[in-house]
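One structure, pasted below without further comment.
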There are 2 protein chains.
Amino acid sequence: MCQNERVPKVVDRETRRGQVAEAIHRIAARDGLEGVSVRLVAAEAGLSVGAVQREFASKDELLRFALAASVDEVFARFGRFRIGPEGLTFTEGLRQVLLDLLPTDERRRAQARIWAAFYARAAVDPGFADVLAELDVRTREHLRRAFEYAREQGGLAPGHDPAALAELLIVFVDGLWLTCARLPEDADLAPQQAAIESVVRAITG
Amino acid sequence: MCQNERVPKVVDRETRRGQVAEAIHRIAARDGLEGVSVRLVAAEAGLSVGAVQREFASKDELLRFALAASVDEVFARFGRFRIGPEGLTFTEGLRQVLLDLLPTDERRRAQARIWAAFYARAAVDPGFADVLAELDVRTREHLRRAFEYAREQGGLAPGHDPAALAELLIVFVDGLWLTCARLPEDADLAPQQAAIESVVRAITG
DNA sequence: CGCGTTTTGATACAGTCGTATCGGTACGAC
DNA sequence: GTCGTACCGATACGACTGTATCAAAACGCG
């Protein structure tokens, strides 16, 4: 009777994993990845320690799942802005994506903090670095298409290598995102907005 | 006999604090800030736990001292490149400072990892964020002078607000530095070099 | 209903953490 | 020399950590 896995249970598992990832994100946004313990995650998710243990074999797997969830969320956020003939112009899409990164509400601020924590972890743990490296690959692929479109439309700064501009953008986004993570809640975002305007102009010419 | 503090002892303290900071940096570069424990720091510095405790009242003070030491080191590194009439041109100085950030040796790689760890900590601990915010202030002041010099020499991109360009540069440096922290040891740095060339051209016009 | 299988949450375990304590030791003053 | 003080390193403490174990409950199925 066990040769086919019970479907409803699988759904439960999936949703539960999501709950756990949410809990990790809440804790990490509050106390950093250092503050994430199995007991705390279980309590935050309203589960017992055992339940969390059954879902994830180790804490490492736990955190890796949370990182993957975060990556997907950020990628989905970027994907909301559609650049192309039937969507935004390249310049406007670029500007909106970058402005959307700014920590204008608590949700964004929390996400930036989580991101900073995972970045630090990736610096000393290849398993996490790989996840981010794969994100880089995906991002480059998307950017390549967007920049190709921009070039066709003549919306790219003349005399610049498009690939190099794309790399500039990737680095800039990382910096913007991580800078925002450490800004106080009531910080004036004007400098960052000015930097965004500058980078948009530098890329679109 | 104790109304004047004993001078030689003070010197010892200073050097010992330096040893401890070095030890923290080594551990943080290897395992991240999460791997830093008082016992490990003491062992790495060749001291007893008590000795470290006498030097630093708490672990927080310990880490804060290490961060301050790291900030000073990075600032000193930037200061090595002198831009001005009797030094480098703005363009060349800018390029060299940025290229110098790339993780071309183990020391630089370690520093980038430490920096990533402190960034993450600053995202959830205002005490650390303040140290970095003060660094921002100092950096802006230096950049203001350098950009002023560049403007006088006509070496700044026309039509751009110098202050906005400076903010762009700050964000870019953060991103470059932190991106490098998670690159594998044998990573090809060509994309980052290309991004640097692009940003130099974008700023200097 | 009753049985077999899973799932559950509590608890145990061994270890590490930051910090406090404390007897021994070295050293300067007289 | 002897005293007093400041420093030293070891060790103790309680609170955590991640993980393993296990009786009890819940559930599906004949």
Side-chain angles (χ1 to χ4, degrees), chain A residues 1-21 23-24 27-28 30-67 117 121 124-125 127-128, chain B residues 1-21 23-24 26-28 30-67 117 120-121 124-125 127-128:
Chain A
M1 79 206 142
C2 275
Q3 55 194 7
N4 60 339
E5 73 270 12
R6 280 158 282 88
V7 175
K9 283 290 175 187
V10 169
V11 170
D12 267 348
R13 291 224 151 185
E14 212 61 26
T15 64
R16 184 130 85 187
R17 280 175 157 252
Q19 288 173 22
V20 171
I24 293 177
I27 297 170
R30 195 193 320 131
D31 303 321
L33 233 37
E34 312 189 20
V36 174
S37 77
V38 175
R39 287 160 176 62
L40 219 56
V41 169
E44 181 86 31
L47 300 170
S48 69
V49 174
V52 174
Q53 279 185 291
R54 226 165 304 107
E55 225 59 57
F56 302 96
S58 70
K59 190 189 176 183
D60 227 63
E61 189 184 321
L62 197 75
L63 292 180
R64 214 161 340 227
F65 179 81
L67 171 57
R121 177 78 180 228
V124 292
D125 185 331
F128 286 73
Chain B
M1 76 197 152
C2 274
Q3 56 193 7
N4 59 338
E5 75 267 11
R6 279 158 283 89
V7 176
K9 284 288 175 187
V10 169
V11 169
D12 266 349
R13 293 224 150 185
E14 212 61 26
T15 65
R16 184 131 83 188
R17 279 175 157 251
Q19 288 174 22
V20 171
I24 293 176
R26 279 197 297 274
I27 297 170
R30 195 192 320 130
D31 304 319
L33 232 39
E34 312 190 21
V36 174
S37 77
V38 175
R39 287 173 230 287
L40 220 55
V41 169
E44 181 85 29
L47 299 170
S48 69
V49 174
V52 174
Q53 279 186 292
R54 229 162 299 109
E55 225 58 57
F56 302 95
S58 70
K59 190 189 177 184
D60 227 62
E61 190 184 322
L62 196 75
L63 291 180
R64 221 174 318 243
F65 179 80
L67 171 57
R121 177 80 181 228
V124 291
D125 185 330
F128 286 74

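Naming convention: chains lettered A, B, ... in sequence-line order (proteins, then strands); numbering from 1 in each chain.
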Study note, to complete from the structure: Contacts of E55(A) and Q53(B) projected onto DNA chain C by closest heavy atom; the upstream (5') one is E55(A)

Nucleotide N/O to protein N/O under 3.5 Å, stretch nucleotides 14-17 of chain D:
residue: dT17(D); atom: OP1; partner: S37(A); partner atom: OG; Å: 3.0

Review point. Where do R17(A) and E55(A) come nearest, in terms of heavy atoms and distance?
Key: NH2-O, 3.2 Å

Revision key, fill the gap. Ranking dA20(C), dT8(C), dT19(D) by distance to the side chain of R54(A), first place goes to dT8(C)

Practice item. May I have the distance from L33(A) (atom CG) to dG18(D) (atom P), rounded to whole angstrom? Key: 11 Å

Review point. For the pair made of CG in L47(B) and P in dC7(D), what is the distance, rounded to whole Å?
Key: 15 Å

Review point. Once you round to the nearest 0.5 Å, how far does CD of E34(B) lie from CZ of R121(B)?
Key: 10.0 Å

Point to revise | Spatial distance of atom CD (Q53(B)) from atom CG (L47(B)) [nearest 0.5 Å] | key: 12.0 Å

Practice item. Can you see which heavy atom on A23(B) is nearest to which on V41(B), and at what distance? Key: CB-O, 3.8 Å

Revision key, fill the gap. Sequence neighbours excluded, the answer for salt bridge (charged side-chain N to carboxylate O under 4.0 Å, His left out) partners of D31(A) is none

Point to revise | Gap between atoms CD and P, on E34(B) and dG18(D) respectively (whole Å) | key: 10 Å

Practice item. Check whether any side-chain heavy atom of I27(B) sits under 4.5 Å from a side-chain heavy atom of I24(B), and report yes or no. Key: no

